[in-house]
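Quick note on labels: first sequence line is chain A, next is B, and so on, each numbered from 1.
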2 protein chains.
Amino acid sequence: MAVERATRQRDAIRSVIQASKRPLSPGEVLHAARSEVNALGLATVYRTLKLLVAEGAAQVITLPGESPRYEMAESAHHHHFQCNTCRRVYDVPGCPGDLRRLAPRGFTVEHHDVTLYGRCRDCARRKMHASR
Amino acid sequence: MAVERATRQRDAIRSVIQASKRPLSPGEVLHAARSEVNALGLATVYRTLKLLVAEGAAQVITLPGESPRYEMAESAHHHHFQCNTCRRVYDVPGCPGDLRRLAPRGFTVEHHDVTLYGRCRDCARRKMHASR
DNA sequence: GGCAATATGAGAATGAATTATCATTATCGT
DNA sequence: ACGATAATGATAATTCATTCTCATATTGCC
């Protein structure tokens, strides 16, 4: 049976995701992890992300119209914010509460996703300066 | 300048979307409109959907991990429900309310999306019978 | 250190959704 | 009904994210 090995690239990828306070796309992971492992390939990023998700260490975050992003599995229920300017995605700690009541009669709600859109702190600041 | 013409296929596509109480994928539109125009092509569906959106008659609904669906433009703010069984998407009239407070400090919220997941009425009923 | 087995990297291949092509057909103002 | 022009349908082409391939490099146990 296949035994799993520890490699520089896996360590780099794992630590990049752990260090990030926001979900990262495979491309973002690649970019960030290359400061650790220079010749890192995209295929390895995909392979490792799949591993991390399979072992429950990471989870997939899918927002409308976006390809998947990855973040370390968090126990706390939370949602996400996407910046309309830089397109980056951030965690949002809260939750609007019980949404079961919104569903039409006869529908059973099992879970929900909430996505906020707007301008992130960085882009808000940038905008402010630009329009000075 | 290009003058826009009324055709059987456009009428069929428009009426299919208007008649539907839920957002439809291009494939669903094609299928439904073929009962009206037999030889309808997928390209025409895409072209017409784009037209309808451009003129503001229809709007694009994008849910996480899903390709776009289309529904007639509605004035009322609302959200969507996706059935975990049949994958169909339904309108949900309500809204959890003001979500601005959830965003971290420095973030500006401009709009939001809420998606509920669970079992739709049809699938709940079907499940009930199956497990009799 | 040696070696069998796993992991990697680069690029090719795939898959799914959407768009482009173009010869043919349909629309609509006259 | 005619004719200029827009629309259609079939399918090829494109796009993009993801997976596969396979020769080479690494890892971990002895």
Side-chain angles (χ1 to χ4, degrees), chain A residues 1-17 23-55 57-71 80 82 87-89, chain B residues 1-17 23-55 57-71 82 86-89:
Chain A
M1 62 227 65
V3 179
E4 198 161 302
R5 293 176 179 176
T7 64
R8 292 188 315 128
Q9 19 285 83
R10 285 180 182 172
D11 290 347
I13 291 167
R14 196 188 315 263
S15 69
V16 158
I17 298 178
L24 300 178
S25 68
E28 287 174 323
V29 172
L30 177 66
H31 181 78
R34 272 192 168 155
S35 66
E36 191 74 18
V37 180
N38 199 263
L40 185 63
L42 183 55
T44 299
V45 172
Y46 274 102
R47 282 186 289 237
T48 304
L49 290 174
K50 183 176 290 189
L51 261 183
L52 292 174
V53 170
E55 72 188 25
Q59 60 189 322
V60 184
I61 303 301
T62 311
L63 299 196
E66 298 284 314
S67 44
R69 287 174 170 77
Y70 298 82
E71 67 181 6
H80 297 92
Q82 181 167 38
R87 300 274 91 199
R88 284 184 296 189
V89 173
Chain B
M1 63 224 62
V3 179
E4 198 161 301
R5 291 177 181 178
T7 65
R8 293 187 315 126
Q9 19 285 85
R10 284 181 182 173
D11 290 347
I13 291 168
R14 196 187 314 262
S15 69
V16 158
I17 298 177
L24 301 177
S25 68
E28 287 174 322
V29 171
L30 177 67
H31 181 79
R34 270 191 169 155
S35 67
E36 191 75 16
V37 180
N38 200 264
L40 184 63
L42 183 56
T44 298
V45 171
Y46 273 102
R47 280 186 290 240
T48 304
L49 290 174
K50 183 177 290 190
L51 260 184
L52 291 174
V53 170
E55 71 188 26
Q59 60 189 322
V60 184
I61 303 302
T62 311
L63 298 196
E66 298 285 313
S67 46
R69 288 174 168 77
Y70 298 82
E71 68 181 5
Q82 181 167 37
C86 66
R87 301 274 91 200
R88 284 185 296 190
V89 174

task = Identify the two heavy atoms, one from B/Val37 and one from B/Ala12, that lie closest to each other, and give their separation to 0.1 Å.
result = CG2-CB, 3.8 Å

task = Report the residues that fulfil salt bridge (charged side-chain N to carboxylate O under 4.0 Å, His left out) with A/Arg88, sequence neighbours left out, ordered by chain and then residue number.
result = A/Asp122

message = Testing the basics here: between B/Val16 and B/Ala32, what is the closest heavy-atom pair and its distance to 0.1 Å?
response = CG1-CB, 3.7 Å

task = Kindly state each residue pair satisfying salt bridge (charged side-chain N to carboxylate O under 4.0 Å, His left out) with at least one member in residues 25-48 of chain A, sequence neighbours excluded.
result = A/Arg22-A/Glu28

query = How close or far is atom C1' of D/dT8 from atom CZ of B/Arg10, stated in whole angstroms?
reply = 9 Å

query = Given atom CG of A/Asn38 and atom C1' of C/dT8, what is their separation to the nearest angstrom?
reply = 14 Å

note = 5' to 3', nucleotides 23-30 of chain D under a 4.0 Å protein heavy-atom cut-off (B base, S sugar-phosphate only, - none) gives ---BBS--

Note: B/Arg14-B/Glu55 ion pair, threshold 4.0 Å (strictly below) = yes

request  = Find out whether A/Tyr70 and A/Val60 are in side-chain contact, i.e. whether some heavy atom of one side chain is under 4.5 Å from a heavy atom of the other.
outcome  = yes

message = How close do A/Thr62 and B/Pro64 get, counting heavy atoms only, and between which atoms?
response = O-CB, 3.2 Å

Divergence of helical axes at both termini of the helix from C/dG1-D/dC30 to C/dT30-D/dA1 - five pairs an end, 10° steps = 40°

Min side-chain heavy-atom separation B/Ile17-B/Leu49 under 4.5 Å = yes

key: Separation of C/dT18 P from B/Glu28 CD (nearest whole Å)   = 12 Å

note = Here the distance between atom P of D/dC16 and atom CZ of A/Arg87, to the nearest Å, is 16 Å

Value in whole Å for how far the P atom of D/dA7 lies from CZ of B/Arg14 = 12 Å

message = Is there a side-chain contact (heavy atoms from CB on, under 4.5 Å) between B/Ile13 and B/Leu40? Walk through the geometry before answering.
response = CA-CA 10 Å; B/Ile13 291 168; B/Leu40 184 63; 4.3 Å; yes

ask   = Can you pull the salt bridge (charged side-chain N to carboxylate O under 4.0 Å, His left out) pairs that have at least one residue in residues 61-71 of chain A, sequence neighbours excluded?
value = A/Glu66-A/Arg69, A/Glu66-A/Arg87

message = Please list, in numerical order, the residues of residues 40-50 of chain A that have a heavy atom closer than 4.0 Å to any atom of DNA chain C.
response = A/Leu40, A/Gly41, A/Ala43, A/Thr44, A/Arg47

ask   = Sequence neighbours excluded, which residues qualify as side chain to side chain contact (heavy atoms under 4.5 Å, CB included) partners of A/Ala58?
value = A/Leu52, A/Val53

request  = Mind calculating the distance between CG (A/Asp11) and C1' (C/dA7) to the nearest angstrom?
outcome  = 13 Å

